[in-house]
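Data block below; observations after.
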Amino acid sequence: MKKVFALCVSLLIFCASLFPQSGVDGFEFLNRDISEILYSISLYRGHAIVGDDTVSGKATFRFAGEDFDSAFDSFLKAQRLYVEKSEKVWTVSKVLFTENESDGYFLDASDVRPVLLIDKISRRFQCEITFDSLSDSPVTLHTSGNNARDFVEAVARVLGNDYSADLNEGHLRINRVIKSNDFYSADRESVCVEKYFEDDSELYSVDVQDASVGATLEELFGAADKEYIFAADTSCRIKRVLFSGKDFDETLRLICSNCSLQVIESNGIFYVLADSSIGNALSDSGKIWKKHNLSYYSVSRASELIENRFGKQTLIPLDEENSFLCFAKESEQNQIEEFIRSIDASKNSFVVKLRYIHTDDFLTHLPPGISASQITKSTQDDVFFFNGNEAQHEQLLSLLKEIDCPVKRLRYDLLVMQYQSTQDFNWENSLSARKLSLGDRNDISASLGSVLDLNLDVVSAFGLKFAASLQTAINENRAQVFADTTLQGVSGGTINFVNTNTYRYRDNNINPETGAPVYTGVTREIASGLKIDITGWISGDGVITSKVTASVSRQGADLSSSTGNPPPTSEKIITTEVLGKSGEPIVLSGLIQNEESWTERRTPGLSKIPVLGWLFKSKKQTAEKTEMVIYLVPHWENDESGETQKIDEEGFRARIIESVVLGENYDGKK
């Protein structure tokens with residue numbers, strides 16, 4: 001998090017330091033990592049600028065110049081850096097090789113660790129160079145030569161008398177010179193680390209002879225009063241170290257460089273870890289930076305495939321150009337480039353238009369062989385793009401013929417009759433309902449009247465006898481039509497029919513002392529009436545399965561003002577599931593409500609006279625029985641068989657009248 005914040009601050013300082021009035025380029029960095037500075041300049045320039053493994057440390061730099069090149073060159077010069085420019089990427093390094101036709105090669109290296117300098121020479125001349133343990137102190141070298149032998153010899157010279165160059169043909173090596181005074185016996189092991197002050201600076205002197213690096217670090221941390229943790233092997237022996245006049249950080253670095261250790265400080269505690277930079281330098285020998293361009297694949301997807309194919313690689317994505325930089329050997333670069341050519345190919349894209357379903361529905365129920373990654377949604381719900389070959393596209397179209405179909409529609413003809421009887425008017429329910437047979441002979445005469453005006457075709461569904469009986473019950477006020485309608489739905493969906501009355505009352509409590517109602521200010525509702533829920537499903541053979549739930553509720557008298565209780569309600573519920581073909585009727589009965597009521601009539605004034613007041617009162621008890629009968633006829637609206645499920649009403653009624661008057665069968669025969 002701190003690193004991201006520091007990078008953002010550097011970018012803001014960089015952009016804020018530009019001089020828009022004079023039109024010049026300028027930037028300012030205050031003690032920032034050089035890698036962050038290069039990244040900021042790369043963003044500003046719009047060109048890939050990377051630093052190699054020799055670039056490290058922090059820098060403070062301010063500049064305002066006439067153009068970017070002068071500003072950038074001034075920064076490099078101030079930090080003793082060099083740049084090698086190519087069309088695709090600029091590589092910043094502390095080492096620069098230049099080639100002259102007459103003088104061969106010239107090497108510029110400033111403050112570079114010897115092991116990294118040897119690595120650069122090995123890469124430049126494509127040769128193998130071996131060496132003993134080298135000093136970790138940076139060296140500066142400016143020399144010319146014609147081949148790798150000349151530069152290896154120059155490095156050995158700059159390292160001092162402790163090293164020599166072995167320049168045999170086909171074998172280049174830097175050896176450490178072993179002197180007689182380098183051998184010490186165990187009894188001469190000694191560690192001496194002292195701290196002293198000079199010009200208000202805290203400095204250290206170190207005198208180590210044939211001692212372990214762990215013992216030396218313990219002496220140093222003890223003299224500096226620092227807390228530490230060893231997280232690496234510190235048994236490595238230091239033959240001889242003698243120096244003075246160094247601060248704590250420089251002293252710590254010099255001691256750790258002898259045994260490839262590094263130190264990280266966190267919350268005032270110093271952690272001693274193994275330093276893998278030397279091993280990385282040897283393993284990176286012969287690697288180069290190369291830019292790879294992509295045409296169709298994204299950088300992130302290509303990086304994943306390359307890592308799966310070639311293992312972990314050093315990649316720098318360039319999302320704006322849809323390319324990336326790769327740091328690998330030339331042979332690996334060629335393999336990666338060939339692999340990219342094999343995967344980065346154009347894909348066939350087909351536009352698929354749906355007729356009845358949406359793209360989201362198709363993605364929810366993908367058929368086998370089709371993956372979601374091959375589907376790309378468009379701005380239209382019924383259009384998507386399919387990525388695949390021609391054979392997969394043909395397979396998709398074949399599957400869509402079975403999937404992309406209209407939803408099967410259902411229609412329910414609903415008739416709800418309310419039959420009722422009182423104590424004074426008893427009647428027997430002699431009505432019967434059965435499917436009409438064309439062979440029935442009807443030798444009765446009846447006036448169907450309002451039955452033929454019902455939305456549900458009673459005659460075709462239940463027969464002429466039932467229609468006549470129903471008409472008689474309606475004429476004698478023993479039955480009345482409660483609901484007559486048509487319900488539309490789809491296969492698998494639920495249809496809700498509600499015919500209720502809503503009664504609202506104020507919630508109250510009865511005061512126990514006075515008996516008067518105390519209203520709470522809350523209004524409540526009670527719904528009573530008929531509710532029907534129908535869920536229909538059409539199977540492959542055209543059979544309709546209907547699950548029907550019907551409930552009838554009735555509200556009693558409101559006594560809340562005197563008792564404080566809400567009005568009573570009663571409810572009857574029927575749930576059934578039936579199976580039948582289109583046009584076959586369903587009858588639901590048994591929704592019976594019984595209610596007894598008392599009616600009292602009084603003569604005002606006289607009815608309150610004791611004893612005699614009974615002569616001026618009358619009471620009547622009425623017992624009422626109400627039954628709801630539901631007649632339901634399902635129809636498949638879009639029957640693919642081509643057969644018409646709905647009978648022509650006008651023609652059928654004409655045949656009914658003819659059969660009643662003439663006494664003929666429905667088929668027209670005597």
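Predicted model, so just to flag it, every value in this text is computed and none were measured. Counting begins at 1 with the first residue of the sequence.
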- [ ] Under the side chain to side chain contact (heavy atoms under 4.5 Å, CB included) rule, what do Y271 and I269 come out as? Steps first, then yes or no, please.
- [x] CA-CA 6 Å; Y271 295 84; I269 300 176; 4.0 Å; yes
Open item on the list: For a 4.5 angstrom cut-off between non-hydrogen side-chain atoms, does V152 reach L172?
Closed with: yes
Task: Point-to-point distance, once rounded to the nearest 0.5 Å, from CG of N387 to CZ of F350 - done: 9.5 Å
- [ ] Quick one: closest heavy-atom pair of I49 and S42, and the distance?
- [x] N-OG, 3.5 Å
Task: Minimal non-hydrogen separation, K353 against Q380, with atom names - done: NZ-OE1, 4.5 Å
- [ ] Check L294 against V299 and note the closest heavy-atom contact, atom names and distance.
- [x] CD1-CA, 3.8 Å
- [ ] Might you work through the side chain to side chain contact (heavy atoms under 4.5 Å, CB included) test for E153 and R149, ending with a clear yes or no?
- [x] CA-CA 6 Å; E153 186 177 7; R149 294 164 55 91; over 6 Å; no
- [ ] Look only at the side chain of S122 and the backbone of I118, and say whether a donor-acceptor pair between them is shorter than 3.5 Å.
- [x] no
Open item on the list: Under the criterion side chain to side chain donor-acceptor pair (under 3.5 Å), I'd like the reasoning laid out for S371 against Q374: C-alpha separation, chi angles, the key distance, then a yes or no.
Closed with: CA-CA 6 Å; S371 63; Q374 295 178 281; 3.3 Å; yes
Task: D119 vs R123, salt bridge (Lys or Arg N to Asp or Glu O under 4.0 Å): CA-CA, chis, key distance, verdict - done: CA-CA 6 Å; D119 177 59; R123 294 187 191 180; 3.1 Å; yes
Task: Donor-acceptor side-chain pairing of H142 and D108 below 3.5 angstrom - done: yes
TODO: Could you pull out all residues at least two apart from F386 that satisfy ring-ring contact (aromatic ring centres under 6.0 Å, His included)?
DONE: none
Open item on the list: Run S110 and T140 through side chain to side chain donor-acceptor pair (under 3.5 Å) and show every step you take.
Closed with: CA-CA 4 Å; S110 299; T140 299; 5.1 Å; no
Task: Between CG on residue L159 and CG on residue L141, distance to nearest 0.5 Å - done: 9.5 Å
TODO: Step by step, work out the side chain to side chain donor-acceptor pair (under 3.5 Å) result for S35 and D33.
DONE: CA-CA 5 Å; S35 59; D33 289 338; 4.9 Å; no
- [ ] Apply side chain to side chain donor-acceptor pair (under 3.5 Å) to the pair R237 and S212, showing each step before the final yes or no.
- [x] CA-CA 4 Å; R237 309 294 293 183; S212 66; 4.6 Å; no
- [ ] Look at atom CD of E84 and say whether more than 12 heavy atoms of other residues, nucleotides or ligands are closer to it than 6.0 Å.
- [x] no
Task: CA sep, side-chain torsions, deciding dist, call: K329, E332, salt bridge (Lys or Arg N to Asp or Glu O under 4.0 Å) - done: CA-CA 5 Å; K329 294 183 179 180; E332 293 181 350; over 6 Å; no
Task: Test item: L252 and L220 side chains (from C-beta on) under 4.5 Å apart, heavy atoms - done: yes
Task: More than 12 heavy atoms of other groups within 6.0 Å of D225 CG - done: no
- [ ] Please report the shortest heavy-atom distance between F362 and L396, naming the atom on each side.
- [x] CZ-CD1, 3.5 Å
Task: Heavy-atom side-chain proximity of V50 to Y39 below 4.5 angstrom - done: no
Using residues 242-250 as the side-chain source, report each donor-acceptor pair under 3.5 Å to any protein atom, sequence neighbours left out, with the distance given to one decimal.
{"unit_1": "D247", "atom_1": "OD1", "unit_2": "E250", "atom_2": "N", "d": "2.9"}
{"unit_1": "E250", "atom_1": "OE2", "unit_2": "R253", "atom_2": "NH2", "d": "2.8"}

Task: Residue pairs involving residues 333-344 (criterion side-chain hydrogen bond (donor to acceptor under 3.5 Å, both in side chains); sequence neighbours excluded) - done: K290-E337, H292-Q333
Open item on the list: Do the side chains of K120 and D53 get close enough for a salt bridge, i.e. N-O under 4.0 angstrom?
Closed with: yes
Task: Nearest-0.5 Å distance that lies between atom CG in L261 and atom CG in L273 - done: 8.5 Å
TODO: With the side chain counted from C-beta on, respond yes when V383 and V351 share a heavy-atom pair under 4.5 Å apart, and no when they do not.
DONE: yes
Task: Side-chain ion pair, K94 and D52, N-O less than 4.0 Å - done: no
Open item on the list: Counting C-beta onward and ignoring hydrogens, is there a side-chain heavy-atom pair between Q313 and E307 closer than 4.5 Å?
Closed with: no
Open item on the list: On a heavy-atom basis, which atom in V95 and which in Y82 lie closest, and how many Å separate them?
Closed with: N-CD1, 4.0 Å
TODO: Please examine the side chains of F324 and I340, heavy atoms only from C-beta on, and report whether any two atoms are closer than 4.5 Å.
DONE: yes
Task: Separation between CD1 of I370 and CG of L400, rounded to the nearest 0.5 Å - done: 8.5 Å
Open item on the list: Could you check, using the six-membered ring where one of them is a Trp, whether F125 and Y105 have ring centers closer than 6.0 angstrom?
Closed with: yes
- [ ] Dump the intermediate steps for salt bridge (Lys or Arg N to Asp or Glu O under 4.0 Å) on E265 and K226, then the final yes or no.
- [x] CA-CA 10 Å; E265 180 186 4; K226 304 289 187 183; over 6 Å; no
- [ ] Measure the shortest side-chain to side-chain distance between H358 and K377 over non-hydrogen atoms and say whether it is less than 4.5 angstrom.
- [x] no
Task: Separation of D150 CG from T143 OG1 (nearest 0.5 Å) - done: 8.0 Å
Open item on the list: As an exercise, state the distance from CD1 of I41 to CD1 of I34, rounded to the nearest 0.5 Å.
Closed with: 10.5 Å
Open item on the list: Is there a side chain to side chain contact (heavy atoms under 4.5 Å, CB included) between S303 and I306? Walk through the geometry before answering.
Closed with: CA-CA 5 Å; S303 300; I306 291 174; 5.8 Å; no
Open item on the list: Less than 6.0 angstrom separating the ring centers of F151 and F97, yes or no?
Closed with: yes
Task: Flag side-chain contact, heavy atom, 4.5 Å: F131 against N175 - done: no
Open item on the list: Could you check whether D210 pairs with R240 (Lys NZ or Arg NE/NH1/NH2 to Asp/Glu carboxylate O, under 4.0 Å)?
Closed with: no
Task: Where I357 and D404 come nearest, the two heavy atoms and their spacing - done: N-OD1, 3.2 Å
TODO: Decide yes or no on side chain to side chain contact (heavy atoms under 4.5 Å, CB included) for L354 and T359, but give the supporting numbers first.
DONE: CA-CA 8 Å; L354 302 172; T359 303; 4.2 Å; yes
